[in-house]
Amino acid sequence: MRITFMGTPDFAVPALVALHEAGHEIACVYSQPPSRSGRGKKLRPSPIHAKAEELCITVRTPKSLRGEEAQAEFAALDADIAVVAAYGLILPQAVLDAPAHGCLNIHASILPRWRGAAPIHRAVMAGDDETGMTIMQMEAGLDTGPMLNIVRTPVGCKTTGDLTKELAQLGADAMVKVLSNLPAFSPEIQDDSAAIYAPKIDKAEARIDWSESADAIEAKVRGLAPFPGAWFEIEGANGSERVKLLLAEEIDGTGASGEVLDDEFAVACGTGAIRPLRLQRAGKPAMDRADFLRGNPVARSAILR
């Protein structure tokens with residue numbers, strides 16, 4: 001098929017590569033404009049932009065698709081279908097209608113659960129047993145379109161980082177399968193009554209509330225790892241310091257919420273306790289608990305905030 005591909009982050013790269021390797025014609029790649037990053041604040045292309053150039057595919061990076069000129073350029077590609085994976089721009093109706101078979105989205109949840117910007121984070125933080133990928137026909141609503149294919153995977157003890165990599169490949173494989181025989185996949189209408197919104201992660205909610213249960217805190221830690229990272233404050237020699245908690249385990253223990261219970265850094269929660277396994281101080285690399293405690297001893301009975 002002749003495809004217009006629309007994506008921006010690393011998550012979208014496996015799908016672009018898989019479609020290219022499957023022999024589809026990628027007419028053009030759309031991505032978010034280059035952004036400034038690094039010490040020199042140099043303009044850097046998105047991961048999809050860089051991969052497309054590596055594959056010698058034309059790249060466009062409009063700031064918006066709402067203008068008539070941008071929409072006409074998109075329609076002129078005369079694509080059979082558009083494939084969208086974490087693109088980051090809202091697609092106007094004119095863009096949705098331009099390809100002969102419309103636009104298909106690779107969405108990182110089992111729809112209709114977790115529509116929105118942060119489906120992987122929210123699934124892990126909510127303690128879901130499973131998540132997955134949905135190939136969906138796009139329409140004007142937010143992740144409301146008919147579903148063509150769903151692939152499931154257990155969440156288990158995976159972090160958002162783990163799942164993002166896994167789901168990116170599952171989504172790529174699922175899209176290749178759908179496009180290999182598009183008529184064979186009958187659209188299934190979503191049950192709107194079962195929909196749950198997955199809003200973007202707010203920095204304020206990344207702070208650990210030690211009055212919550214141990215299982216809720218452990219899930220939150222995995223859900224926010226590696227980014228933005230759940231965090232707490234601890235008193236140090238130079239005052240209060242913010243520390244990210246990237247991995248933890250549930251253990252038995254009771255005490256005041258946030259109280260350090262032993263020399264191995266067990267911390268009491270509202271119910272139960274956790275033990276940090278991997279932590280990161282501001283401006284420092286992540287480290288295992290033993291290494292952290294060697295440089296930052298935490299006294300028994302200290303209270304984390």
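- A distance-only check finds a donor-acceptor pair linking the side chain of Lys244 to the backbone of Pro228 [under 3.5 Å].
- Donor-acceptor pairing under 3.5 Å is recorded for the side chains of Glu166 and Thr153.
- Panel note: side chain His24, backbone Ala18; no donor-acceptor pair is recorded below 3.5 Å.
- Under a 3.5 Å cut-off, the side chain of Thr134 and the backbone N or O of His107 do not form any donor-acceptor pair.
- Judged purely by atom type and a 3.5 angstrom limit, Glu54 has no side-chain atom pairing as donor or acceptor with the backbone of Lys51.
- The main-chain N or O of Leu224 is never found under 3.5 Å from a side-chain atom of His121 such that the two would form a donor-acceptor pair.
- To the nearest 0.5 angstrom, Leu279 atom CG is 6.0 Å from Phe265 atom CZ.
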Before you tell me yes or no, could you show the steps for Glu250 and Arg275 under salt bridge (charged side-chain N to carboxylate O under 4.0 Å, His left out), namely the whole-Å CA-CA distance, both residues' side-chain angles and the distance that decides it to 0.1 Å? CA-CA 6 Å; Glu250 289 184 64; Arg275 193 184 310 279; over 6 Å; no
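- Between the side chain of Ser211 and the backbone N or O of Ser257, no donor-acceptor pair lies under 3.5 Å.
- With hydrogens and angles disregarded, no donor-acceptor distance shorter than 3.5 Å links the side chain of Asp288 to the backbone of Ala290.
- Tested against Leu104, the residues Leu148, Val84, Ile3 include a single side chain to side chain contact (heavy atoms under 4.5 Å, CB included) partner, Leu148.
- The backbone N or O of Gly116 sits less than 3.5 Å from a side-chain atom of Asp143, completing a donor-acceptor pair.
- In this structure, Gln71 contributes its side chain and Arg66 its backbone to a donor-acceptor pair below 3.5 Å.
- The salt bridge (Lys or Arg N to Asp or Glu O under 4.0 Å) analysis of residues 295-305, with sequence neighbours excluded, yields the pairs Asp263-Arg300.
- Using modelled atom types, no side-chain atom of Asp128 and backbone atom of Val124 make a donor-acceptor pair closer than 3.5 Å.
- Cation-pi contact between Arg242 and Trp231: present, with separation from the ring centre below 6.0 Å and deviation from the ring axis of at most 45°.
- Judged by distance alone, the side chains of Arg115 and Tyr197 never bring a donor and an acceptor atom under 3.5 Å apart.
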